[in-house]
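Just so you know, ligand 1 is whichever comes first in the structure, and atom 1 is the first atom listed for that ligand.
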Amino acid sequence: GTPSLPPPIRLDLSDLDARLMQLVQQLAPSAEQRARQQQAWAAVQGLLQALWPQAGVHLFGSAANELDIGGSNDLDVCLELEGVEETKEARGEIISQLGEQLEQAGMLNVFAIPRARMPVVKFEHPETGYQVDITVNNRLAVVNTKLLRDYAAIDPRLRSLVLLVKHWAKRRRCNDAYVGTLSSYAYVLMCISHLQARSPPVLPVLQEMEPTHRRTIGNWCCGFCDDTSALAGFGRGNGESVAALLACFFYYWAHQHDFRRGVVTVRQSSAMTKAMKGWTTRVGLERHLFCIEDPFELSHDLGRTVHAEGCDKLRHEFRRAWDVLRHAGSSSQALQELLAE
Ligand code: GTP
Ligand code: MG
């Protein structure tokens with residue numbers, strides 16, 4: 001649905017916007033941080049290619065779609081191997097083996113989780129101090145990283161909104177899927193769907209357009225329009241500032257989203273419901289309280305990790321954020337309270 005405009009706020013939005021854009025500049029990695037990240041990636045890539053000469057090595061996640069905050073030293077890496085069964089058992093075996101090899105190669109704090117939904121090995125690269133997560137044949141993550149990057153290329157307000165929301169979520173401790181709140185990836189999808197739903201829209205729905213990028217991964221169709229240069233001016237009809245979009249973002253999650261029935265999606269412009277997805281009952285640990293559909297792996301609910309307290313916490317924080325913006329006397333006070341730890 002189309003979010004209506006929130007009730008007017010007293011704050012001077014243009015002053016708030018100037019401050020937010022300044023904050024975005026500070027959050028974005030500096031040229032030096034980018035160079036360090038590139039260096040770390042080159043080193044890790046070299047190491048993996050030496051261990052597995054026949055494998056492809058891909059960077060994904062925020063270091064690859066430039067939706068990262070400076071100073072975070074995480075790399076999400078996918079090892080692509082031919083002839084490996086697409087099961088978590090087959091991936092898990094490779095992850096265990098890789099864990100031993102990485103330890104022998106002198107990597108620090110190597111920790112393999114071969115039995116996860118997506119088996120992963122985590123380690124610290126000693127020369128650069130980077131924290132690296134390696135998964136095997138995680139092709140969906142590579143393609144959804146491209147989708148996010150392409151959305152960010154269409155309108156720069158997406159990246160600003162994402163950096164601010166990630167920063168807010170970290171400060172307010174709402175950014176941890178392991179403790180019942182949401183992953184960064186889930187927040188990025190919420191930002192995209194929000195910008196798609198503005199009227200007029202800031203972002204198109206790339207999966208509803210004629211696909212120029214076509215891929216099938218397992219049984220999932222991963223096609224979408226990736227002609228970002230043709231779409232570069234798409235959001236021009238919407239003149240909202242980042243400050244206005246951020247305020248509307250919190251207002252929407254605080255007061256307009258239908259948590260009981262609704263599902264967040266970036267793949268279609270029409271509304272989606274839990275009933276349509278069959279996400280109405282609890283299955284094992286999957287609770288479906290706050291539902292966010294993965295753009296390609298359609299059976300995957302990014303909100304599955306949100307438990308009852310996590311959901312209450314998130315809703316409380318959305319309402320708090322909106323109240324802070326609505327009642328603050330000045331934009332500096334608003335920012336300070338919004339981002340208070
Ligand atoms: P930061 O590391 O906080 O900057 O965020 P990020 O954008 O790298 O996201 P995150 O670390 O949460 O996830 C990394 C990537 O994993 C995402 O970009 C997705 O491509 C992929 N991914 C796919 N499914 C999931 C999922 O269920 N949870 C998470 N966290 N990531 C997923
Ligand atoms: Mg990451």
*Do any N or O atoms from the side chain of Asn175 and from the backbone of Leu182 form a donor-acceptor pair under 3.5 angstrom?*
yes
*asked:* Go through it in stages, so that I can follow the logic: the residues are Glu32 and Arg36, the test is salt bridge (Lys or Arg N to Asp or Glu O under 4.0 Å), and I'd like the CA-CA distance, side-chain angles, deciding distance and then a yes or no.
replied: CA-CA 6 Å; Glu32 192 192 325; Arg36 241 171 51 79; over 6 Å; no
_Donor-acceptor check, side chain of Ser72 to backbone of Asp74, threshold 3.5 angstrom: yes or no?_
no
*Applying a heavy-atom distance cut-off of 4.0 Å, which protein residues contact ligand 1?*
Phe60, Gly61, Ser62, Asp76, Ala141, Asn144, Thr145, Lys166, Lys170, Ser183, Ser184, Tyr185, His300, Leu302, Arg304
_Below 30° counts as parallel, above 60° as perpendicular, anything between as tilted: where do the rings of Trp253 and Phe290 land?_
tilted
*Donor-acceptor contact present, side-chain Arg157 to main-chain Glu240, <3.5 Å*: yes
*So, the side chain of Glu80 versus the backbone of Asn137: is there a donor-acceptor pair under 3.5 Å, distance only?*
no
*asked:* Does this structure show an ion pair linking Asp323 with Arg326, if we count only N-O contacts that are shorter than 4.0 Å?
replied: yes
*Near the Mg ion (ligand 2), which protein N/O/S atoms are found at less than 2.8 Å?*
Asp76 OD2
*Considering only NZ, NE, NH1 and NH2 on the basic side and carboxylate oxygens on the acidic side, decide whether Glu341 and Arg173 come within less than 4.0 Å.*
no
_Donor-acceptor check, side chain of Thr145 to backbone of Gly61, threshold 3.5 angstrom: yes or no?_
yes
